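Working notes, beginning with the structure itself.
All of these numbers come straight from a predicted model, not from anything done at the bench.
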Amino acid sequence: MSDVHPQERLIGAIARLILDPAAPPARHIAVGAASPIPAAACWLVKKLGHPVRLSLLHRPTGNPFTEGTRELFDLAGQGRIDLFFLGGGQIDGQANLNLIGTGDWPGRAARFPGSFGSAFMYFMTPRTILFREEHSQRVLVPRVDIVSAPGVSPPGVFRRGTAQALVTGKCVFAFDAASARFSLASIHPGETAETVRDATGFAYDGASAPVTADPSAAELALLRGPVCDEMLETYPEFCRRVWNRTGLAGRAA
Amino acid sequence: MNPLELDALAALVPDGALMALPPDNSLSPAAFARALVRRGVRGLRLLGVPVSGYATDLLIGAGCVASVQTSAVTLGEAGMAPRFSAAVAAGTIEVIDATCPAIHTMLQAAEKGVPFMPLRGVIGSDVLAHRPDWKVMDNPFAETGDPILLLPALAPDIAAFHAVCADAHGNVYVGRRRELATIAHASRRVLVTVERMVDGNLLEDERLAPGTINGIYVEAVAVAERGAWPIGLLDEYRFDAAHIAEYARMARTEDGFRAYLAQYVTAPRADAAA
């Protein structure tokens, strides 16, 4: 087995969060646009044999919905989606997400694509795994310029859950909703508590943490085989970059 | 209903219209957007249902757009929508940010003919803070305080999309993309491009009827072969990722975008060649 690709490590870390027995059960997971790493983590969980239903919104063939995203959001509104993934151009220490932009409204300094469904999904699913590969003070800020979706809500506002954790290219943070604070959960190989601290713009708990575990040999074999097979149609560029797979016809490496 | 020529369909869109468009994974009318650029429409108020992609970026870059109400503008794996980003930075378009289910809900209210509908979530988002037309009230059915968002009905002047086929009754087939029915039901006028016209009546076929939008909602149809390109269309043809990447690259600069228009939009028979 060749070396672990850094993105395979992120996939493995997310898969372990999905399977965290302390978190609410993940029977039905939906994956939105432009999320190859979370999608791969979901496929890994499924290929490991766990009974999970995946609704992959951007799958061009065999799309699970016959009423598009309208149906996705109705399902979430009813509480029939257990876990969703969100990211952000900025994420702050209270797990507020900014997908809209920086500077003055509506992102005059740097415009991001927009909120998508974050202002709804973050409230409606019992848990959300936040994923943002870039770990820098530009992204992980003391306070987001614009709140697309708040990390916590005042008492009385209907909300089923919030962030379970934040996975970045350097570490995993766990999120505690009661204190509205992140804590360092694990540090990826090649990083240290200091490099994480220096790259993080918000305050968090925990001065040190164990090393993020690599995927097992069995998990790597699943990722490079059946998981990649499932991913090729929707995320061809990702599969080429991480697994050197270029098409449905065969394996290049 | 006799089909129109593509450019004649585009001529039905008045300047300043509030026009709903589906995103790049749901029957986007790309050839129609190029026809609108050729027609030189101005002041469009676009509504992304619920997000926006290539067609919206193209219309913005060509100066056809006054405002965009949407939940995101993106070219997917090809990244940011470059002409949208440039227009936001320059302040040349108004951006009315929403969040995906809010757009669906506003259309569903219009579809039902009711003035508003509630939606969970969103409270505490700056999207709500910038929407004076959205209101929060207490759920009147709750025993204790339960704040909930109320969204006004939104009826677009025009909805445009690209379907697989149409029949002489104006029925159009959208397959599993039945969210297009909500857009069609809510909009005052619906203009549709299709790959081809078919004989008979789509609603008399038990297998096709569930994926068909009733012609009662459809004002006009034009045949545009490969009319979603470079976007994909159901099982007819795939998303052309290489072309979208080329668009993203060219549209990064104003000059590059002009070259794109010359090559793919305004060139004689640009769409016939595509």
Candidate pair B/V127 and A/S115, rule side-chain contact (heavy atoms from CB on, under 4.5 Å), full reasoning: CA-CA 8 Å; B/V127 172; A/S115 70; 4.2 Å; yes
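The number of heavy-atom neighbours closer than 6.0 Å to CG of A/D104, taken from other residues, nucleotides and ligands shown, is 12 or below. Heavy-atom neighbours of B/E206 CD from other residues, nucleotides or ligands within 6.0 Å: at or below the threshold of 12. Counting heavy-atom neighbours within 6.0 Å of A/R241 CZ, excluding the residue itself, gives a total above 12. No more than 12 heavy atoms of other residues, nucleotides or ligands lie within 6.0 Å of CZ in B/F116, so this atom counts as exposed by the packing criterion. Within 6.0 Å of the CZ atom in A/R160, the count of heavy atoms belonging to other residues, nucleotides or ligands exceeds 12.
B/A129 does not touch chain A: none of its heavy atoms, backbone or side chain, sits under 4.5 Å away. B/I103 does not touch chain A: none of its heavy atoms, backbone or side chain, sits under 4.5 Å away. Both the backbone and the side chain of B/V122 come within contact range of chain A, judged by heavy atoms closer than 4.5 Å. If you measure heavy-atom distances from B/A142 to chain A, you find no contacts under 4.5 Å at all. Within the 4.5 angstrom heavy-atom criterion, atoms from both the backbone and the side chain of A/R70 approach chain B.
A side-chain donor-acceptor contact under 3.5 Å links A/R108 to the backbone of B/V88.
Separation of atoms CG (A/L97) and OG (B/S125) is listed at 10.0 Å; rounding is to 0.5 Å. Rounding to the nearest 0.5 Å gives a distance of 11.0 Å between OG1 of A/T234 and CG of B/N25. Distance check, rounded to the nearest 0.5 Å: CG of B/D126 to CG of A/N98 gives 8.5 Å. Taking OG1 from B/T105 and CZ from A/F120, the interatomic distance works out to 7.0 Å, rounded to the nearest 0.5 Å.
Taking all atoms of both residues into account, the shortest heavy-atom contact from A/G117 to B/C100 is N-SG, 3.5 Å. Taking both residues in full, the closest heavy atoms of B/I123 and A/F123 are given as O-CZ, 3.0 Å, listed atom of the first, atom of the second, then distance. In plain terms, the two heavy atoms of B/F84 and A/F112 that are nearest each other are CE2-O, 4.4 Å.
Here the side chains of B/D97 and A/I100 are in contact, with some heavy-atom distance below 4.5 Å. You'll find the side chain of B/V73 stays beyond 4.5 Å of the side chain of A/R111, heavy atoms only. Within the 4.5 Å cutoff, side-chain heavy atoms of B/E77 are placed close to those of A/P236. Here the side chains of A/F116 and B/T74 are in contact, with some heavy-atom distance below 4.5 Å. The shortest side-chain heavy-atom distance between B/E179 and A/F65 does not fall under the 4.5 Å cut-off.
Per-residue counts of heavy-atom pairs under 4.5 Å with chain A were compared for B/G91, B/A81, B/P50; the largest is that of B/G91. In terms of heavy-atom pairs under 4.5 Å with chain A, the best-connected choice from B/G175, B/P147, B/G211 is B/P147. Looking only at heavy-atom pairs under 4.5 Å with chain A, the residue among B/P101, B/A181, B/A89 that has the most is B/P101. Put simply, of A/A149, A/S153, A/S148, A/G77, the one with the most heavy-atom pairs under 4.5 Å next to chain B is A/S148.
The closest side-chain donor-acceptor pair between A/T66 and B/R178 falls under 3.5 angstrom.
Using bins of under 30°, 30° to 60° and over 60° for the plane-to-plane angle, the ring pair A/F73/B/H104 lands in the tilted bin.
Taking the charged nitrogens against the carboxylate oxygens, B/R238 and A/E233 do have a contact shorter than 4.0 Å, which makes a salt bridge.
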